[in-house]
Undergrad: 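Handing you a structure now.
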Amino acid sequence: MYNKITCISYRDFMDEFLPEFQARQTPGPQEPPNADTSYRQSHLRSRGKPSLPSEAGSIPNRKPPQSPFKGMPTAATEKEMYTNITAALNAMDLCPGYQFVPTPHKSDQFADIKQAVDCGMYLSDIAKKLTTEGQGNFGRTAWSWVEISIECKMNAVNDDPFNEDLEGHEPNAETRRHVLGQILSYAEYVFNHQQRMFQYMLLFLGDYARIVRIDRAGIFITKKFSYKRTYGGRIAEFLQHYAARSPADRGHDTTAVRLDPKSGDAGKMRARVKQVDEDDYVAALFKKQLRDDWPWWKLEVPDELTGETRRYLVGKPHFQAPGVAGRATRGYVALEAEPVGGQKARFVYLKDAWRVVSDDIDKEGTVLQELRAHQVPCVPTLICHGDIPRQRTRTQEVWPKHHPGKECSLKTHQHYRVVVEEIGKPLEEFSNGFQLVQAFLCCVTAHSRAYAHGIIHRDISVGNMLLYKRPGGTWQGLLNDWELSKHLEQQEPGGRQPDRTGTWQFMSVNALNKHTKPIVIQDELESFFHVLLYLCIRFLYHNLDDSSVPQFMRDYFDDFAPHKTGYRCGPRKDKVITSGTLDLSPYNEELDESLHFLCPTKPGDTTQSPTHPIDDVFATLLSWFSAHYTIEARKDKSKKRDKNVHGANHEIMDFVAQLRDERRRAEKMQGAEDVSTTQSTRVDVSVDTVHSVQAEEGSEQEQDTAVVEELAAKLKTHDATISLLLDVLSEGNWPESDRRKDLKPTKWKPQIDQVQKASRITKNSTKGGSKKGSAKGSATSSKSSKVLKAAQKSSKVSAGSKRSIRDADNAEAGPSTKRRKR
């Protein structure tokens, strides 16, 4: 939540988010107008319909509420805080129809996570079902029903998750940062289990309190106030105003109707998957989502194509992005609630997200329409899409009022849904290496065709590449999630905004290190490389010790290097890409060699495992990337020299040029090696920083440069990469069963000595922040000779004939077909 937290006074908070208002003229239950008749039916299987809070009266005509905490005994422990605070709030009956329940010890019995918030505000009928036997008045957390989460801490300073004295209001102390992580995780659980636009939380910190509002753009908090001695009425006022609001004003998404498990729609969902064919992976996915311990929903999608509203039935999300702020993408295998023309309800894929509102970024559905119009293969087929009315974040709207004169970096997020025909399965579920590379060929081809029509994806990641079963039964790759894509003309020449676009683990070195540089084709092809490596290191055989795989993955994909301008690429990925070598020496003891992928051998076979065909792909691509970064480094040096030359003293420049000419004459007469020992280091550095080294015609350096430029040029289009994949697929001797058990552990923490050995990140104690260690320096000084060595290891595929990109559309042959010759 860096730079996403704003602290304001209590009165400003209420005026912005819960201002005084006249209640509706027509009293009645505060339910969405389209709600299911058992909208509040508990997933705890309670009988009967819970009572609903009645419409509140006119808030402005009421006297300021008194403090509910007068006379409340001082708590000696957190346990007493839970009991005292909830009892005081319930006694005053601030929120008719609701009850406050202490829930500190028992997590939600229906949730996958085993965490419990200290207290919560629940509908009264739900609250009655939460009490746990043997726990007194303590209940069990129910994340899908909690209206307001309440956290209690004894120490008003050391346990405060916010620091009003620091810019950004994030604390530095470890204990306080831990509490911040706690409340953010609780907010995430509420967002995950409910359909919410935003939510409120109450924090009780000793004798003090804060009120918190969270949406997908950021957080607003009140300044800390004393609720016991002076300002207890603020809590009462907040709760009265909150309870008087409609569900939408309390943050609920009223276009999502919670289904009664006994409703007709729920019955349709069960009936559709009552008998599932073992080969029907789509129906199997839908059935897996119909969990009794998770709420089911009917979701509305405004169709911008027709102006109509479509409705879909969903269970637990098939995919849910972690975190509180951001796009918060959720994916569902959904069932049509109202099939068109009386046809059988079909399965579709529904994506729910808080898209970034920007003139430079089109809606994903609009992009998919354009891709389909251009007949781009291997991309989803749009059914409908649209923004959810009146559901847009407010944090970024309010922020400038309380930061006068400052530029707001917060994004505007709009709730959005898009529905497509194709339902894929994760790329991690590939059956063998051949199918994996085949899927990559499809996705690179899709990217190429889109790029040819001026659209660049900008978020190549393992989650955005799927396996899709075509009607004929063959599997192909599907390049998904085009929500961050841009038209090439929309990319500003000056670069991106300071925040990064993409998924950290798979972003290119340049994208991570040069935050404002526009994403280009070389970055996208490098992201494909990182995804391929990520999957192969997990599921294929190789010469890296199995026990070292977790550490390698952490160093290569998750690591970062602190920098005064923000986090940058980790040293391991940086060194591999710029040097063109996957060095295993930090991981395999007493072994200094590069990473190689191997074909599996039969049990008891002592012969050396043959090299896997996919090795050619990695060796060739690495030689291209290393060459590309060598050229980039030279361009960067040239820019720096030009900057130094501009405005320089002409007398000094003439003197430097004279020294350069004298050195060249000396080299011809005595030989470069003798001269190098007599020239002044200061002069050499001066020449090097002002003028680029010009190699003489026919020199070895010029020859090396030509080779490097030729290799780097292969990344300027998709053609070479597509030809490489096609040739390897057709010529490689692919094993049919080369997939192994996943080597990525579900729970793992890196050993500190391994991290220090592999990452080499050292902190800089100066004000400028932190910097990388020697690993970064050696990586950026990659020479042409390293590129040439990497190129020699690559296969002859890169020099092979170019095939038509159309061939990729038909690349469906399995490993058993004829393509064994090598």
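This is a predicted model, so every value here is computed, not measured.
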Undergrad: Taking Asp160 as the fixed residue, which of Arg210, Lys153, Arg177 is the one that meets the salt bridge (Lys or Arg N to Asp or Glu O under 4.0 Å) rule?
TA: Arg210
Undergrad: Can I get a per-line list of side-chain donor-acceptor pairs under 3.5 Å for residues 197-207, giving both atom names and the distance, sequence neighbours left out?
TA:
unit_1	atom_1	unit_2	atom_2	d
Gln199	NE2	Ala187	O	2.8
Asp207	OD2	Arg229	NH2	3.3

Undergrad: Using the salt bridge (Lys or Arg N to Asp or Glu O under 4.0 Å) definition, which of the options Arg355, Lys351, Arg327, Arg417 pairs with Glu364?
TA: Lys351
Undergrad: Quick check: are there more than 12 heavy atoms from other residues, nucleotides or ligands sitting under 6.0 Å from NZ of Lys223?
TA: no
Undergrad: Establish, yes or no, whether a centroid distance under 6.0 Å links the rings of Tyr534 and Phe506.
TA: yes
Undergrad: Working note: Glu237 + Tyr10, criterion side-chain hydrogen bond (donor to acceptor under 3.5 Å, both in side chains); need CA distance, chi angles, decisive distance, verdict.
TA: CA-CA 11 Å; Glu237 181 185 26; Tyr10 168 79; 2.6 Å; yes
Undergrad: Give the minimum heavy-atom separation between Glu16 and Val398, together with the two atoms involved.
TA: CD-CG1, 3.6 Å
Undergrad: Answer yes or no: is there an ion pair linking Arg554 with Asp559, defined by an N-O contact shorter than 4.0 Å?
TA: yes
Undergrad: Where the side chain of Thr103 meets the backbone of Val117, is there a donor-acceptor pair that is under 3.5 Å apart?
TA: yes
Undergrad: So, are Asp387 and Lys363 salt-bridged, with charged N and O less than 4.0 Å apart?
TA: yes
Undergrad: Could you walk me through whether Leu290 and Val273 pass the side chain to side chain contact (heavy atoms under 4.5 Å, CB included) test, one step at a time?
TA: CA-CA 10 Å; Leu290 300 186; Val273 291; 3.9 Å; yes
Undergrad: Return the minimal non-hydrogen interatomic distance between Ala256 and Leu299, and the atom names on each side.
TA: CB-CD2, 3.5 Å
Undergrad: Could you pull out the closest heavy-atom pair between Ile5 and Glu170, with the gap in Å?
TA: CD1-CG, 3.7 Å
Undergrad: Quick one: do Asp293 and Arg291 make a salt bridge, cutoff under 4.0 Å?
TA: yes
Undergrad: Applying side chain to side chain contact (heavy atoms under 4.5 Å, CB included), run through Lys128 and Asp125 and close with a yes or a no.
TA: CA-CA 5 Å; Lys128 295 175 184 178; Asp125 285 1; 3.9 Å; yes
Undergrad: I'd like to know whether OH of Tyr281 has more than 12 heavy-atom contacts from other residues, nucleotides or ligands below 6.0 angstrom.
TA: yes
Undergrad: So, do Met553 and Lys744 sit near enough that their side-chain heavy atoms are less than 4.5 Å apart?
TA: yes
Undergrad: Using modelled atom types and a 3.5 Å cut-off, is there a donor and acceptor pairing between side-chain atoms of Thr222 and backbone atoms of Ile211?
TA: yes
Undergrad: Heavy atoms, side chains only, cut-off 4.5 Å: are Val324 and Ile214 in contact?
TA: yes
Undergrad: Tell me, do Val418 and Leu350 make a side-chain contact under 4.5 Å, heavy atoms counted?
TA: no
Undergrad: List the steps, then state whether side-chain hydrogen bond (donor to acceptor under 3.5 Å, both in side chains) holds for Asp215 with His413.
TA: CA-CA 9 Å; Asp215 66 18; His413 291 269; over 6 Å; no
Undergrad: After noting the C-alpha distance and the side-chain angles of Asp253 and Thr255, does the key distance pass the side-chain hydrogen bond (donor to acceptor under 3.5 Å, both in side chains) rule?
TA: CA-CA 6 Å; Asp253 175 9; Thr255 68; 2.6 Å; yes
Undergrad: Is the Tyr122-Trp145 ring centre distance short of 6.0 angstrom?
TA: no
Undergrad: Check this for me, if you would: do Glu147 and Arg250 make a salt bridge, where the nitrogen-to-carboxylate-oxygen distance has to be below 4.0 angstrom?
TA: yes
Undergrad: Step by step, work out the side-chain hydrogen bond (donor to acceptor under 3.5 Å, both in side chains) result for Asn464 and Asp459.
TA: CA-CA 8 Å; Asn464 293 344; Asp459 189 18; 3.1 Å; yes
Undergrad: With a 6.0 Å cut-off (strictly less than), is the heavy-atom count around NZ of Lys425, excluding the residue itself, greater than 12?
TA: yes
Undergrad: Please confirm whether Arg234 makes a cation-pi placement over Phe225, using NZ or CZ under 6.0 Å from the six-membered ring centre and within 45° of the ring normal.
TA: yes
Undergrad: Does Gln182 offer a backbone N or O that forms a donor-acceptor pair with the side chain of Ser185 under 3.5 Å?
TA: yes
Undergrad: Taking Phe69 as the fixed residue, which of Tyr227, Tyr208, Tyr231 is the one that meets the ring pair (Phe, Tyr, Trp, His ring centres under 6.0 Å) rule?
TA: Tyr227
Undergrad: Over 60° means perpendicular and under 30° means parallel, so classify the ring planes of Phe138 and Tyr82, tilted if in between.
TA: perpendicular
Undergrad: Check whether any side-chain heavy atom of His193 lies under 4.5 Å from a side-chain heavy atom of Val146, and answer yes or no.
TA: no
Undergrad: Quick check: does any side chain N or O of His178 sit under 3.5 Å from a backbone N or O of Glu174, one acting as donor and the other as acceptor?
TA: no
Undergrad: May I ask you to check whether Trp297 and Tyr312 place their ring centers less than 6.0 Å from one another?
TA: no
Undergrad: Would you say His402 has more than 12 foreign heavy atoms packed within less than 6.0 Å of its NE2?
TA: yes
Undergrad: Under a 4.5 Å cut-off applied to non-hydrogen side-chain atoms, are Thr395 and Leu410 in contact?
TA: yes
Undergrad: Please determine if Arg216 forms a cation-pi arrangement with Phe191, meaning its NZ or CZ atom is less than 6.0 Å from the six-membered ring centre and no more than 45° off the ring axis.
TA: yes
